[in-house]
2 protein chains.
Amino acid sequence: MGTPLPRDPIADAQRNWERHGWGDVAAPMAAITAIMRTQQILLARIETVLKPFGLTFARYELLALLSFARSGALPMNKASALLQVHPTSVTNAVDRLEKAALVARSPHPTDGRTTLIELTAEGRTLAKKATAALNTEVFGKSGFGPDDVDHLIRVLGTFRRDAGDFED
Amino acid sequence: MGTPLPRDPIADAQRNWERHGWGDVAAPMAAITAIMRTQQILLARIETVLKPFGLTFARYELLALLSFARSGALPMNKASALLQVHPTSVTNAVDRLEKAALVARSPHPTDGRTTLIELTAEGRTLAKKATAALNTEVFGKSGFGPDDVDHLIRVLGTFRRDAGDFED
DNA sequence: GCAATATACTAGGACATCCAAGGGTTTGGA
DNA sequence: TCCAAACCCTTGGATGTCCTAGTATATTGC
């Protein structure tokens with residue numbers, strides 16, 4: 001966290017794998033570990049930018065999703081599916097966003113089982129501001145070159161489809 | 001979670017970004033979101049493999065790190081730095097590993113402030129077994145082609161260095 | 001030598017994620 | 001028609017991560 005290490009710990013791990021006779025999976029291990037660590041760094045950056053807005057990444061994602069829904073409202077289970085998180089995580093996020101008056105729960109008109117989440121006016125405004133901040137502070141300064149971005153989108157897209165995220 | 005979506009939600013988000021006039025950061029946004037989601041998928045796979053061993057990824061990482069230390073022991077702060085996690089997370093992991101008799105705390109011989117974490121015999125055995133399982137079940141079936149693995153290691157390595165993880 | 005600063009670990013709290021279980025609602029087949 | 005299966009959401013419990021604060025030990029400077 002604080003001081004940079006003298007050497008890349010993941011490269012060291014890769015060498016350890018090779019040294020122990022696991023050379024055939026050393027490279028994938030390093031790639032996967034690098035993805036884990038990169039996610040950690042990116043999440044920290046995102047949360048730092050969102051903190052002044054009183055948002056976490058999970059809550060921001062929900063706000064952003066709602067702001068793109070044509071009606072500004074979505075059933076909980078749809079949100080869960082689109083965000084690819086457990087339904088209980090959505091319940092948790094909605095609880096907190098509702099306390100902050102950024103979203104509101106309302107019953108589904110025809111299906112008594114489902115609950116609709118609707119963006120409030122404040123919620124829509126905050127989503128806009130937070131998105132602008134993320135665009136300039138994180139996405140606009142990703143550090144990835146254009147070619148690398150395209151490659152990541154393609155490779156990780158294939159991975160996610162193979163993992164069963166979507167059919168396309 | 002269960003059923004695949006008909007379309008890639010991240011590609012949809014990218015289109016939404018472009019539609020709202022944020023085309024200049026739409027691609028990095030998609031790449032970053034894909035990294036977040038890929039990490040989630042990989043973590044779930046890893047935890048599934050580790051569950052039978054009574055381990056989580058955090059605890060496994062600590063065990064693996066100790067198993068590669070020449071003496072089989074490391075100070076807490078070293079472990080925290082090498083794993084790139086907060087010191088309190090290491091305390092948490094050590095607490096649970098110690099309860100399971102996989103590691104043991106011992107005082108540092110010369111520095112009364114530091115605590116050494118040492119692998120027990122069972123800990124070393126379990127680390128071996130868990131690593132073998134991860135190698136065959138996760139790293140050996142990553143789904144990334146060799147060229148993609150190399151590219152990921154290079155691109156994410158540059159990113160992590162620029163983020164201040166290491167100097168190299 | 002002693003005070004001030006730095007370092008190492010731990011305790012408590014806030015969040016997020018998942019799983020298992022429970023209660024209400026809808027649907028579809030006997 | 002009616003009841004069982006399927007579905008939707010929530011609650012409670014376990015884990016992990018971070019932050020802030022507190023305690024104990026080392027090191028530095030006067």
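Computation of the quantities below employed the complete heavy-atom set of this structure, encompassing side-chain atoms and omitting hydrogens, waters and symmetry-equivalent molecules. Here is the naming used below: chain letters follow the sequence lines, and residue numbers restart at 1 for every chain.
- Spacing between atom CG of A/Leu43 and atom C1' of C/dA16 amounts to 10 Å, rounded to whole angstrom units.
- Of the inter-residue distances, the one linking A/Asp165 atom CG with B/Thr3 atom OG1 reads 12.0 Å to the nearest 0.5 angstrom.
- Separating the CD atom of B/Gln39 from the P atom of C/dT17 is a distance of 11 Å, rounded to the nearest angstrom.
- Using a 4.0 Å heavy-atom criterion, one finds that B/Gln40 contacts the sugar-phosphate atoms exclusively.
- Within 4.0 Å of A/Asn77, counting heavy atoms only, lie sugar-phosphate atoms of the nucleic acid but no base atom.
- Closest to the side chain of B/Ser89, out of C/dT17, D/dT17, D/dC9, is D/dT17.
- For A/Thr120 (side chain) and A/Leu102 (main-chain N/O), a donor-acceptor pair under 3.5 Å exists by modelled atom type.
- Direction of the helix axis in the helix from C/dG1-D/dC30 to C/dA30-D/dT1 shifts by 0° between the two five-pair termini, rounded to 10°.
- No salt bridge links B/Arg161 with A/Asp8; every basic N to acidic carboxylate O contact stays at or beyond 4.0 Å.
- Listed by first then second residue, pairs satisfying ring pair (Phe, Tyr, Trp, His ring centres under 6.0 Å) with a partner in residues 22-78 of chain A read A/Trp17-A/Trp22, A/His20-A/Trp22, A/Phe68-B/Trp17, A/Phe68-B/His20, not counting sequence neighbours.
- Of the residues in residues 100-114 of chain A, those with a non-hydrogen atom less than 4.0 angstrom from any atom of DNA chain C are A/Thr110, A/Asp111, A/Gly112, A/Arg113.
- Atom CG of B/Asp95 and atom C1' of C/dT10 are 9 Å apart (whole Å).
- If you check distances only, the side chain of A/Thr88 does reach the base of C/dC19 with a donor-acceptor pair under 3.5 Å.
- Listed here is the closest heavy atom pair of B/Pro87 and B/Ser80: N-OG, 3.5 Å.
- Backbone-only engagement by B/Thr56 is indicated by non-hydrogen atom pairs under 4.0 Å involving sugar-phosphate atoms exclusively.
- For the atom pair A/Ile35 CD1 and B/Thr38 OG1, the distance stands at 6.0 Å (nearest 0.5 Å).
- Counting any heavy atom pair closer than 4.0 Å across all strands shown, A/Thr91 reaches a base atom.
- A distance of 9.0 Å separates CD1 of B/Ile153 from CD1 of A/Ile10, quoted to the nearest 0.5 Å.
- Each of B/Arg96 and A/Lys51 has a nearest nucleotide on DNA chain D; the 5'-most of these lies closest to B/Arg96.
- Straight-line distance from the NE2 atom of A/His86 to the C1' atom of D/dA14: 13 Å, rounded to whole Å.
- Look at CG on A/Asn92: it is 14 Å from C1' on D/dG13, rounded to the nearest Å.
- Residues B/Lys51 and B/Glu47 are not paired through a salt bridge, judged by the lack of any N-O separation under 4.0 Å between the basic side chain and the carboxylate.
- Comment: A/Asp95 engages A/Arg105 in a salt bridge, judged by a side-chain N to carboxylate O separation of less than 4.0 angstrom.
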